[in-house]
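Every chain is numbered from 1, with letters handed out A, B, ... down the list of sequences. Scope of the values below: all heavy atoms of this structure, side chains included, with no hydrogens, waters or symmetry mates. No experiment lies behind these values; they were computed from the predicted model shown.
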Amino acid sequence: MTEAIRYERDEQRIVTLTIDMPGQSANTMNPAFRAALAATVGRLTAEKNDIAGVILTSAKKTFFAGGDLNHLLAARPEDAAALFERAQGMKALLRRLETLGPPVVAALNGTALGGGFEIALACHARFVLDDAAIALGLPEANLGLLPGGGGVVRLVRLLGVEAAMPLIVEGPTFDPGRALALKLVDGLAPDLNALRARAREWIAANPQPQQPWDRKGFRLPGSTANAVAPLAWLRSAPLALMAKHRGLYPAPEAAMSAVVECAAVDFDTASRIESRYLVQLATHPVSKNLITTFFFQMNEIKNGKGRPEGQPPSAVQRLGVLGAGMMGAGIALAAAQRGLPVVLKDVSAEAAQQGKARIGKTLARLVEKARLDAERMALTLALIQPTGDAGELQGCDLIIESVFEKRDVKAQATAEAEAMLAPGGFIGSNTSTLPITGLAAAVARPGHFIGIHFFSPVDRMPLVEIIKGRQTSPQTLARALDFVQQLKKTPIVVDDSRGFYTSRVFGTFTKEGAAMLAEGVAAARIENAALAVGMPVGPLAVMDETSMALSWSVRQQTIADLAAEGLPLPQHPGWDVIRTMAVDLKRPGRAGGGGFYDYPEDGRKRLWPGLADVFSGGGGGAPDADLRDRLLYVQAIESIRCLEEGVIEAARHANVGSVLGIGFPRWTGGTLQYVNSVGLKAFAQRAAELARRYGERFEPPKRLLSMAERGERFV
Amino acid sequence: MTTEALIFDAVRTPRGRGRADGSLHEVNPVGLLAGLMRGLQRRLDLDTAQVEDALIGCVQPHGEQGAVIAKLAALAAGWHWRVPGLQLNRYCGSGLEAANLAAAKVRAGWSDLVVAGGVESMSRVAMGAAPSARDNSPALNFQLRLVPQGVSADLMATLDGHTRDALDRYALQSQQRAAAARAEGRFSRSLLPVEDINGLTILAEDEFIRPDTTLEGLARLKPSFAAMGEAGFDALAVAAYPQLERIEHGHTPGNSSGIVDGAALMLVGSEAKGRALGLTPRARIVSVAAVGSEPVIMLDAPAPAARIALAKAGLAPEDIDLYEVNEAFATVVLRFMRELKLPPEKVNVNGGAIALGHPLGATGCMLVGTLLDELERRGLTRGMVVLCAADGMGVATIIERL
């Protein structure tokens, strides 16, 4: 009767509903599905006296992918009423299915996330294929949403408030084994036939099932006489969330509110409460930011958008890493963890061995925390071959240098390594500061040379910044991108320019903090402004960690380089502060015994009390709202300039790179999505205002003004 | 011509330690209040049928303090059933708010004789034992982003630069003053002993005071609110006050108000009614105020409340002879004195809640009696009572001896 849901009744009077949405690789909760479900439920209602049971399954590889994010992304505040009705309509259908009479069983043949898992929760029983690749759960909160298809209402009733809370607020996904342990499914089946058999057995054994919450005398698990959950827990749960998210993420807050409120009332009232919170989130700018960047743009990256055309897929077979320091060892570990053999080369066998020992320690910590088993650790370590002999690099198809940040050191290392490459192999540089084109001059075939910039700690940071040198070939770029995916990390692609993308933008954040200090703003206000907008640490704390002595010496190098090229030196009020700290006061940072902070041996770090005397600029009256905006705007404006100058080609590189690489707050969706979210016109106006008050670095770039004029957005 | 609101009398129970080993733990809150009502009636030979309302502050009006405790206690005391009862709650300002409402009714001419007061049995109805409006509404927490009172107190002390030592020194003074006042019998005019069903005395004097308190002893106490701060509330406080790098947790059980049981009452009425009943007025209520302040810092509303009450009366801070500022936390009094530029000789001259304890709903009314007794003893005229209250509120009252 409908194409999207096949309806087949057999001799045992069991109806199998097979979801198979035409023209889609996966089933999603879009208008076509809703129409099909309405028709199906209508037919079931009409024929219910001739039905012994219903099995719900899918013809796709996955069971059901979830909500229709395109539709939710388009929802505006003025669509609230329609959105609410739509959510209520969908839930009414699932409720009818659940209360129709005959047993309804979900036979989960594949991944069921979000809306898909909510459909399964509306069934009386759930069986799932025992395949660890299958993902189940309610991950909506990660995209700024909550389960609005009855997921909150049912999960709370199934597990109780306390147990359901993390599954809804944090949105984890889990495999079938874990789902069974959490009592979210009723059983596993080794194959599709067994899956259908188990569903049939359940129907035969439960001819007139009722959901637990529809049974007489139902009591919410974990509730007490005067509250839906233990009081002490109810009191601490919101605090933990506020401390973690600083009020910047509406979804986990709405989800937690919905869970508690849905627990206190009857099923239908709870369903309405859930719908209201869904509508609030779906029309909120933060969900747009998260969906845009972490669903659509991340998928573009995963699917190889921007990868040079016509290049066959590739995989590195044997990796060489030059330099067994913290970064080099980290790269070796990340590769070995993905099963890739690594030759870890340093100036001596001893130095290389030390790098491997460092990796051993990292893995041992994982084993201690039971996040890795000892056997797996041994296998990983066995893949890493430490050496002091360049000859051992023979046959590597990728060699990444991670040696000291000096041109001649790198030149010597890469020239030596190039000779060892397997035919068709390529060379990567993990430099964070030196232009790639210049480094590529040291090798015979600069087309095979590319920047592969990892972030520290390498095994935990998901981002890799790929830097194209002037002569880097499309083939090398494609291979580098494939390599990053091979490591299960996320690549962005940038053009060769000073600081590339991430370091350049991050530098504007730290220097802005220094500029505020120069104006006489109290240090605590600067640090707190950064935390208030969601930066993980304040700019002064960061500068202490990265050492102002180092920044100052890089600055001297830049001065020399630009003078040699006859280019003007960009000025910034933050440099005076850095010079004062690193040179005059000899307070270069943590490693140097102290910087903006003191680091007492027996306690937590404290802001150095001398700061107020040294930096008493008299401009300390800048309002907190300006401080907060400045720290985000300065990074967003620099990102627009990167786009203008061709350092990045599309918004996804800036968005994903800024959030995963340099801690730009996730709620913004990244530097350029943040501008979209503010609105280009409003952003340009505010930038101009900040420029008048604090300096021309806030001047809205031409590209921004012209795009704002044309009503465009950064894509 | 406005009818003046006159205070005919003020009485209170002693404060018992608010724990299972406290003397008043055996008395339930209705009984505690009813006993005091009987005492007031006996002392004034009061015809209770003449009392037009019983306004009783109670901060935790649930469980044994639930329903309308004012009415139940009046009935239990054997007061005439004509007397209605009202339970009211302005958190720690409740007992004073009851007095202020009584004064407003009399001054408006809509009542001629009202009893006002408060009760709190903190040993029997523990703070936070029952779910609050916030506990079942995470959304409200996310919207308001408030911190517990103790963290607010530490926040205010941090902002003011009041160190642990300054807080402890203030606490020591409170203990010394309270101990001296008790020893000299300065509380005796208001105190009515709590008696059992046989008329035997259960408690006759305040039992929370620690006369042997030393600065060294106070310095050894652990901060009460550091763990709460660590759990995330410090981050909320700093987010609201970003000029601070961190919160210094200076408040301890030694320099914060004590948890106690107690009740207080006062009789407020018009001059004509007093004459008719043969009651001698002791003071008049000059002006009152209640006001809110920023709710994260929460405890700084006493000064603005005081300023409003002063302005209504056309008075300046120096026109007030004695102040009773509730010692919820040492920082509250230090902030108040700094704001109004008051000398320590005028403030809490017989100690305060740090030494005596703070039976939440009763304290405000108790302080009026304490103040009135001391004005009479010293032959002074004007006094002010002021309290901070949760969620950022302040309540103030100015009285004047006749």
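For the pair B/Phe142/A/Leu241, a side-chain contact is recorded, criterion being any heavy-atom separation below 4.5 Å from C-beta on. Under the 4.5 Å side-chain criterion, counting only non-hydrogen atoms from C-beta, B/Arg246 is in contact with A/Arg604.
Closest non-hydrogen pair, A/Lys605 versus B/Glu245, comes out as O-OE2, 4.1 Å. Summarising the geometry of A/Ala243 relative to B/Gly232, their closest heavy-atom pair is CB-CA, 3.9 Å, with the distance given to 0.1 Å. Closest heavy-atom contact between B/Leu236 and A/Met242: CD1-CE, 3.9 Å. When all heavy atoms of A/Ala227 and B/Asn136 are compared, the pair lying nearest together is CB-OD1, 4.3 Å. Here the closest non-hydrogen pair linking A/Arg235 and B/Ser132 is NH2-N, 4.4 Å. Nearest heavy atoms, A/Met256 versus B/Pro138: O-CG, 3.9 Å.
Interface residues of residues 250-262 of chain B toward chain A, defined by a heavy-atom distance below 4.5 Å: none.
Only the backbone of B/Leu244 comes within contact range of chain A, with at least one heavy atom under 4.5 Å from a heavy atom of that chain. Heavy atoms of A/Leu531 lying under 4.5 Å from chain B are absent altogether. In this structure, the portion of A/Glu261 lying under 4.5 Å from any heavy atom of chain B is its side chain and not its backbone. Heavy-atom distances place both the backbone and the side chain of A/Leu607 under 4.5 Å from chain B. For A/Asn226, the parts lying near chain B are the backbone and the side chain together; criterion is any non-hydrogen pair under 4.5 Å.
Checked for salt-bridge contact, A/Glu253 and B/Arg145 meet the test: a charged N lies under 4.0 Å from a carboxylate O.
Put simply, of A/Leu231, A/Val260, A/Leu234, the one with the most heavy-atom pairs under 4.5 Å next to chain B is A/Leu231.
Within the structure, no pair that satisfies the side chain to side chain donor-acceptor pair (under 3.5 Å) test touches residues 217-230 of chain B, not counting sequence neighbours.
The environment of CZ in A/Arg693 is crowded: more than 12 heavy-atom neighbours from other residues, nucleotides or ligands sit within 6.0 Å.
In this structure, CG in A/Leu239 is found 8.5 Å from CG in B/Asn141, a value given to the nearest 0.5 Å. Here A/Ser257 contributes atom OG and B/Gln143 contributes atom CD; the two are 10.0 Å apart, rounded to the nearest 0.5 Å.
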